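Just so we're clear, the structure is a prediction, and the values are computed from it rather than from any experiment. What you see below is based on every heavy atom in this structure, not just the backbone, and it leaves out hydrogens, waters and symmetry mates.
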Amino acid sequence: MSLLIINIKELLQIRPEGVHYVSGSEMSQLPSIENAYLHLNDDTIIDFGPMGDLDEWNADEVIDAKNKYVLPTWCDSHTHIVYSGHRDGEFVDRINGLSYEEIANRGGGILNSAKRLQETSEQDLYEQSIKRIKEVMTMGTGAIEIKSGYGLTKDAEIKMLRVIKRIKDAFPIKVRATFLGAHALPLSYKNNKDGYLDLVINEMLPEIAKNRLANYIDVFCEKGYFSLEDTDRILTAGRKFDLVPKIHVNQFNAFGGVAIGVKHKALSVDHLEELNQEDIEALKDSNTMPVALPSCSYFLSIPYTPARRIIDAGLPLAIASDYNPGSTPSGNMNFVVSTACIKLKMTPEEAINAATLNGAYAMGISSTYGSITKGKKANVLITNEIPSIGYLPYAFGDNHIDTVIINGEIIK
Ligand code: NIG
Ligand code: FE
């Protein structure tokens, strides 16, 4: 089916083929065409340009986007969207004064979600998860990375990854899967961390790789979770199975995790709420994308990733939701873009680059997603009638998305 969008107020994020991410001062540019058309054929962008260049129309369906902006759908490169139940009790505990760390030390946190997930059937887990998938698609997310890490046993980790695969097969949204066996130490291994690492490396990893259940490998590299040495061991093992690292680092403490990621050619290093100059230096001359998760900082009341220091050092930056039951129970990328502007002091153009093209890079798909480029996937969103593109993050509490097209399919 071919779909023609006409009279677009401004078509944003137009990139030539071969631009896989933007860095530093380039992030403030969002190349565009005013009064434009965009032609999609099945799942592909086939043409676009100024309305004046459109002589004859030949399309199965035409959408008039007068006074509306068109841009690529959001590429959410960091989520834990497959989970069971909620942690709203811990939310109230935090309001009453307990910290995220104190809750985890009482057996809450990740272990709480793992217990729940282990007791949930695969079908139930799938049904709970697809509600969230449908919800984020209508909010404009067209590509998503999903992690395991709430299983923490071989069976439960594989159950999560099988659910991710089912989502990938059943929905038009692009899905990339990450194995996060080293998310937390299960209680049964409380005094035997090496035993758990052996289980992850020798039992889980080979089985997951053999069944092609993951594209990436992740570790929660953090005090009280997994050390630099543990991270090094896991990433070394993952690379033997061609699993590229995408890791959780510097959420609460900066102690060299970024450099370990860069050493292992990580595709991305995510969180970075705590960031020192050595981390910035480690990222220079690397192909690793730093990823900020502003909704997580908002929800946990922890510092925001210093986006200005990262971008002003000439580095790229992506933003993602971190959708999960503990630190970020929201997959709303529109809120992520707003929060990046309001709290990380990114301009609307920088935030949109971070949530589209750079997000696509952080999940290894920027040759086919993340920009308006001929031959890329037909993943676009059409805004409501808004006065400027800056209005989208500015009026942060409202929904500004009128239509979402994913893989050429009108979702909303
Ligand atoms: O990215 N930091 C580690 N993992 C998740 C939160 C996990 C949880 O609290 O359930 C995150 O914030
Ligand atoms: Fe996370």
Side-chain angles (χ1 to χ4, degrees), residues 78-94 98 100-136 144-171 175 177-193 195-208 211 213-214 217-220 224-226 248 296 299-300 321-331:
H78 181 138
T79 84
H80 311 248
I81 202 168
V82 169
Y83 60 82
S84 183
H86 301 278
R87 305 228 298 268
D88 49 353
E90 293 179 6
F91 171 60
V92 177
D93 290 342
R94 279 196 303 105
L98 283 183
Y100 183 78
E101 196 181 2
E102 284 163 340
I103 291 167
N105 290 342
R106 298 198 310 190
I110 296 167
L111 296 185
N112 181 354
S113 289
K115 184 168 183 294
R116 185 76 182 254
L117 188 138
Q118 287 161 9
E119 292 162 356
T120 304
S121 72
E122 185 174 316
Q123 184 58 23
D124 184 2
L125 184 61
Y126 177 73
E127 282 163 17
Q128 291 189 46
S129 305
I130 64 172
K131 280 198 191 132
R132 296 186 279 263
I133 288 286
K134 290 177 186 165
E135 173 205 18
V136 298
I144 193 164
E145 181 260 13
I146 311 175
K147 300 171 193 299
S148 71
Y150 289 125
L152 308 184
T153 65
K154 184 176 172 186
D155 284 353
E157 282 295 304
I158 288 175
K159 176 164 68 182
M160 286 189 82
L161 289 162
R162 283 167 49 94
V163 167
I164 297 171
K165 178 147 189 328
R166 280 178 68 183
I167 293 170
K168 179 178 170 176
D169 294 342
F171 289 86
V175 173
T178 300
F179 171 48
L180 174 54
H183 196 190
L185 197 59
L187 276 184
S188 50
Y189 286 87
K190 200 169 173 224
N191 300 312
N192 181 16
K193 189 161 69 169
Y196 185 64
L197 291 179
D198 288 343
L199 177 71
V200 168
I201 291 169
N202 301 325
E203 305 283 334
M204 298 187 193
L205 195 51
E207 181 82 5
I208 287 161
N211 293 303
L213 288 171
I217 188 155
D218 195 348
V219 180
F220 188 14
Y225 292 84
F226 295 93
H248 283 75
C296 173
F299 187 73
L300 292 185
S321 73
D322 199 16
Y323 197 174
N324 76 74
S327 73
T328 323
S330 163

Visitor: Is it the case that more than 12 heavy atoms not belonging to Glu101 sit under 6.0 Å from its CD atom?
Guide: no
Visitor: Would you say His248 and His183 are linked by a side-chain donor-acceptor pair, where the criterion is simply a distance under 3.5 Å?
Guide: no
Visitor: So, for Val163 and Ser129, which heavy atoms are closest and what is the spacing to 0.1 Å?
Guide: CG1-OG, 4.3 Å
Visitor: Would a 4.5 Å heavy-atom cut-off, applied to side chains only, mark Lys147 and Met160 as touching?
Guide: no
Visitor: Working to the nearest 0.5 Å, report the span between OH of Tyr189 and OH of Tyr196.
Guide: 8.0 Å
Visitor: Return each pair, listed once, that meets salt bridge (Lys or Arg N to Asp or Glu O under 4.0 Å) where at least one residue sits in residues 111-121; pairs must be two or more places apart or across chains.
Guide: Lys115-Glu119
Visitor: At what distance, to the nearest 0.5 angstrom, does CZ of Arg94 lie from CD1 of Ile103?
Guide: 6.0 Å
Visitor: Could you tell me if the side chain of Tyr150 sits less than 4.5 Å from the side chain of Ile110, heavy atoms only?
Guide: yes
Visitor: Out of curiosity, Leu161 CG to Met204 CE, how far, rounded to the nearest 0.5 Å?
Guide: 10.0 Å
Visitor: Between Ile133 and Ile146, is a side chain to side chain contact (heavy atoms under 4.5 Å, CB included) present by the stated rule, with each step listed?
Guide: CA-CA 10 Å; Ile133 288 286; Ile146 311 175; 4.1 Å; yes
Visitor: As an exercise, state the distance from CG of Asn192 to CG of Asp198, rounded to the nearest 0.5 Å.
Guide: 8.0 Å
Visitor: Can you find a pair of side-chain heavy atoms, one from Ile144 and one from Val136, that are under 4.5 Å apart?
Guide: yes
Visitor: Are Asp93 and Arg106 packed together at the side-chain level, in the sense that at least one heavy-atom pair is separated by less than 4.5 angstrom?
Guide: yes
Visitor: Asp124 and Gln128: side-chain donor and acceptor closer than 3.5 Å?
Guide: yes
Visitor: Just to verify, what does Leu111 make a side-chain contact (heavy atoms from CB on, under 4.5 Å) with, not counting sequence neighbours?
Guide: Leu152, Ala184, Leu187
Visitor: For Lys159, is there an ion pair with Glu157 - N to carboxylate O distance below 4.0 angstrom?
Guide: no
Visitor: Do Glu145 and Thr178 have side-chain atoms, one donor and one acceptor, less than 3.5 Å apart?
Guide: yes
Visitor: Got a sec, which residues hit side-chain contact (heavy atoms from CB on, under 4.5 Å) with Pro329, two or more places apart in sequence or on another chain?
Guide: Phe299
Visitor: Which atoms form the tightest heavy-atom contact between Glu90 and Asn112, and what is the distance?
Guide: OE2-ND2, 2.8 Å
Visitor: Would you give the length of the straight line joining atom NZ of Lys154 to atom CD1 of Ile208, rounded to the nearest 0.5 angstrom?
Guide: 8.5 Å
Visitor: Hey, are the side chains of Tyr225 and Leu185 touching, using non-hydrogen atoms and a 4.5 Å cut-off?
Guide: no
Visitor: I want to know whether Tyr323 and His80 have ring centres closer than 6.0 Å.
Guide: no
Visitor: Check side chain to side chain donor-acceptor pair (under 3.5 Å) between Glu127 and all other residues, then give those that pass, not counting sequence neighbours.
Guide: Gln123
Visitor: Who are the side-chain contact (heavy atoms from CB on, under 4.5 Å) partners of Ile130, not counting sequence neighbours?
Guide: Tyr126, Lys134, Ile167, Phe171
Visitor: Give the minimum heavy-atom separation between Thr328 and Ser321, together with the two atoms involved.
Guide: CG2-O, 3.1 Å
Visitor: Does the side chain of Tyr83 come within less than 4.5 Å of Leu125's, by heavy atoms?
Guide: no
Visitor: Report the residues that fulfil side-chain contact (heavy atoms from CB on, under 4.5 Å) with Arg162, sequence neighbours left out, ordered by chain and then residue number.
Guide: Glu122, Ile158, Leu213
Visitor: If we ignore hydrogens and angles and just use 3.5 Å, is the side chain of Thr120 paired with the main-chain N or O of Ser84 as donor and acceptor?
Guide: no
Visitor: Could you report the tightest heavy-atom contact between Leu300 and Gly326, atom names first, then the distance?
Guide: CD2-O, 4.3 Å
Visitor: Could you check if a side-chain atom of Arg87 sits within less than 4.5 angstrom of a side-chain atom of Pro325, using non-hydrogen atoms only?
Guide: yes
Visitor: Do Ser327 and Asn324 have a side chain donor and acceptor closer than 3.5 Å?
Guide: yes
Visitor: Kindly compute the distance separating CZ (Phe226) from CG (Asp218), expressed to the nearest 0.5 Å.
Guide: 11.0 Å
Visitor: Pair Val200, Leu205 - check side chain to side chain contact (heavy atoms under 4.5 Å, CB included), show working.
Guide: CA-CA 6 Å; Val200 168; Leu205 195 51; 5.5 Å; no
